[in-house]
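Working notes for the structure below.
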Amino acid sequence: GMWEAKETGELLIMGVGFISSLPAGFGDYRTFGLGPNFGRIMSDPEQATRVLEAAEAKGYDLDTCPTLRSSLGALFLGMFDISRTGERLVPELLLENRTCQPQGKFAQLWQEYYGVPTFILDFPPSIDHRQYLVDQMNDAIEWMEKVTGRTYDDEKFATAVENEWESRVLWARMCMHQKAIPAPLDQLMLFSFEDAFWRGRHQQEAVELMRMACDEVAYRAANGIAALASERCRLLHEGVATWFKSQVLRYPRRYGAVYIGSQQIFGDWGAYEMAEDGTLTPISTLKEMGRSLNSRQEALQAVADVFLAYCGQTMCADMEKRIKIRLAIARDWKVDGVVFSMERGCKGTISTHMETAWQLKEQGIPCMPYDNSSCNPKEFNEGEYMTRFDAFMESLGLKPLEA
């Protein structure tokens, strides 16, 4: 898709975490995400290691975001934006949300490399700053019109906002079905939706996909159709696993254990109301609310609402709320244990890991941390992870299932 953007006349945007619906007023567009070759690089252990070493040689060490560092190393090596036929992709503009410091910094580096017009949205921490985000998004639209010479269509934008809102609601409802015993999906199955949510949750196709998925998962839950037929232990995996192929999410199956999700995967793509004790309840769609978007301003306010009031990712900017949500998920999804990935380079995901583990243990839910590197196979000791997991299962009284 993105390789043909020039031929189709679609807007090509550089950015990792911008609001999916915001550029949709220009019609269909394409985005780099973590880079068009990120998946290919992660599938080759030697290449995955090489790009990270290239970034480290430039001074971006293990304490920086591993996914962004991988993309930056690929850029330094000339691998980031090159197609299989040797064509180089150059974005028309760079649009980014600064939801964490690395995103803002890496956007600056990409801007210096490509020299394209750049707009970075400063993402506020709560709904109290709604108008601040609305004003920034309105400025971004006017700026995009100016730098691209294209006309922004408010009706297309409103439709995209409705789709993005509904996609998030459907994701939240689907995650609720993970409470079923046995769980209808495992974490690998949940991750299979990532591409649709990362780049296309504002599209009608994404809504239709999520409607079908939600119905299918509801059916599986109601009829006892399991992700793992031998399920006898339910786990959460908090934090990033690995982008490269590993046994992190598969290894528990030998014990009849299944990772049913996490605060991160439930929350980042969903839309919820949070009770005082952290209990999550999916919100309604705009249509169900009877809320129509008849102007650009109303659509911008809806975007601000879903991201600042209901998005699980924003809720967790408040560390106390993050702990409450994790405790509530462990309780409401009836888990037997929680595994924490201690990814050195992502301070955002590991914040409160140990504080949460301490409170979970007080409630009788055992926890297991392990050292991880989500992008570099040479920095991750898979054997050590397996040994720790074996001991964790033994502490729960579980032995490997017979083959």
Side-chain angles (χ1 to χ4, degrees), residues 172 175-183 185-188 190-191 227-228 231-242 248-253 255-270 272-281 311-344 346-372 374 384-399:
C175 290
M176 291 292 134
H177 294 305
Q178 287 293 93
K179 293 179 180 179
I181 301 175
L185 302 178
D186 65 18
Q187 199 147 331
L188 279 169
L190 290 167
F191 272 129
L228 183 69
E231 179 186 314
R232 58 175 180 163
C233 180
R234 298 164 63 82
L235 303 171
L236 299 177
H237 182 281
E238 290 294 352
V240 180
T242 58
V248 168
L249 298 180
R250 296 176 175 85
Y251 190 69
R253 296 171 183 170
Y255 288 93
V258 57
Y259 286 124
I260 65 168
S262 68
Q263 165 265 310
Q264 188 173 1
I265 197 168
F266 291 168
D268 284 3
W269 302 340
Y272 307 87
E273 289 181 331
M274 189 194 92
E276 179 61 31
D277 67 351
T279 299
L280 297 178
T281 305
C311 175
Q313 184 180 33
T314 307
M315 287 177 187
C316 290
D318 182 320
M319 298 294 102
E320 185 177 349
K321 284 184 179 179
R322 180 181 297 191
I323 294 172
K324 284 184 177 181
I325 290 171
R326 285 175 169 172
L327 294 174
I329 289 175
R331 178 194 69 225
D332 296 341
W333 273 257
K334 303 178 182 65
V335 304
D336 302 298
V338 181
V339 174
F340 291 95
S341 164
M342 305 302 293
E343 167 61 82
R344 173 178 173 178
C346 190
K347 306 299 188 294
T349 57
I350 68 171
S351 297
T352 72
H353 270 12
M354 293 299 93
E355 293 88 344
T356 305
W358 176 68
Q359 294 196 35
L360 284 167
K361 289 177 180 178
E362 281 202 330
Q363 296 184 13
I365 299 175
C367 301
M368 180 198 111
Y370 71 98
D371 292 329
N372 188 22
S374 59
E384 181 181 331
Y385 164 78
M386 292 177 176
T387 299
R388 290 181 69 87
F389 194 87
D390 290 341
F392 186 51
M393 291 293 98
E394 183 178 352
S395 73
L396 296 178
L398 296 177
K399 295 181 179 180

N/O donor to acceptor pairs below 3.5 angstrom from side-chain atoms of residues 235-242, sequence neighbours left out:
{"residue": "His237", "atom": "ND1", "partner": "Gly239", "partner atom": "O", "Å": "3.1"}
{"residue": "His237", "atom": "NE2", "partner": "Tyr370", "partner atom": "OH", "Å": "2.7"}
{"residue": "Glu238", "atom": "OE1", "partner": "Gln263", "partner atom": "N", "Å": "3.4"}
{"residue": "Glu238", "atom": "OE2", "partner": "Gln263", "partner atom": "N", "Å": "2.7"}
{"residue": "Thr242", "atom": "OG1", "partner": "Phe244", "partner atom": "O", "Å": "2.8"}
{"residue": "Thr242", "atom": "OG1", "partner": "Ser246", "partner atom": "OG", "Å": "2.7"}

Requested in this report: In sequence, state the C-alpha distance, the side-chain angles, and the governing distance for Ile265 and Tyr259, and then conclude on side-chain contact (heavy atoms from CB on, under 4.5 Å).
Outcome: CA-CA 11 Å; Ile265 197 168; Tyr259 286 124; over 6 Å; no

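For the atom pair Thr356 OG1 and Ile325 CD1, the distance stands at 10.5 Å (nearest 0.5 Å). Atoms CG and OH, on Leu396 and Tyr255 in that order, are 10.5 Å from each other to the nearest 0.5 Å. Put simply, CD on Glu384 and OG1 on Thr387 are 7.5 Å apart, with the number rounded to the nearest 0.5 Å. With rounding to the nearest 0.5 angstrom, the CZ atom of Arg253 is 14.5 Å from the SG atom of Cys233. Expressed to the nearest 0.5 Å, how far CD of Gln178 lies from CD1 of Ile329 amounts to 11.5 Å. Leu327 CG to Arg322 CZ: the interatomic distance, rounded to the nearest 0.5 Å, is 13.0 Å.
Note on ring orientation: taking the six-membered ring where Trp is involved, the planes of His353 and Phe340 are tilted (angle from 30° to 60°).
The two residues Arg250 and Leu188 make their nearest non-hydrogen contact at CG-CD1, 3.6 Å. The shortest non-hydrogen separation linking Leu280 to Tyr272 is CB-CD2, 3.7 Å. Closest of all the heavy-atom pairs between Ala330 and Ile365 is CB-CD1, 3.8 Å. What you find for Tyr385 and Val248 is that their closest heavy atoms are OH-O, 2.6 Å. A pairwise comparison of heavy atoms in Gln187 and Gly261 identifies OE1-O, 3.0 Å as the closest pair. Across all non-hydrogen atoms, the minimal contact from Leu190 to Phe266 is CD1-CE2, 4.1 Å.
The side-chain contact (heavy atoms from CB on, under 4.5 Å) test with Ile260 singles out one residue from Val335, Asp186, Ile181, and that residue is Val335.
For Thr279, the side chain to side chain donor-acceptor pair (under 3.5 Å) partners are Asp277, Arg331, not counting sequence neighbours.
Using a distance-only test at 3.5 Å, with no hydrogens or angles considered, no donor-acceptor pair links the side chain of Arg326 to the main chain of Ser262. With Trp333 contributing its side chain and Arg234 its backbone, the two residues share no donor-acceptor pair below 3.5 Å. With hydrogens and angles ignored, the 3.5 Å screen pairs no side-chain donor or acceptor of Glu231 with any backbone N or O of Val258.
A heavy-atom distance below 4.5 Å is not found between the side chains of Pro252 and Met393. A 4.5 Å side-chain heavy-atom check between Asp390 and Tyr251 finds at least one atom pair inside the cut-off.
Heavy-atom neighbours of Glu355 CD from other residues, nucleotides or ligands within 6.0 Å: above the threshold of 12.
Identified under the side-chain hydrogen bond (donor to acceptor under 3.5 Å, both in side chains) test for residues 357-367, with sequence neighbours left out: none.
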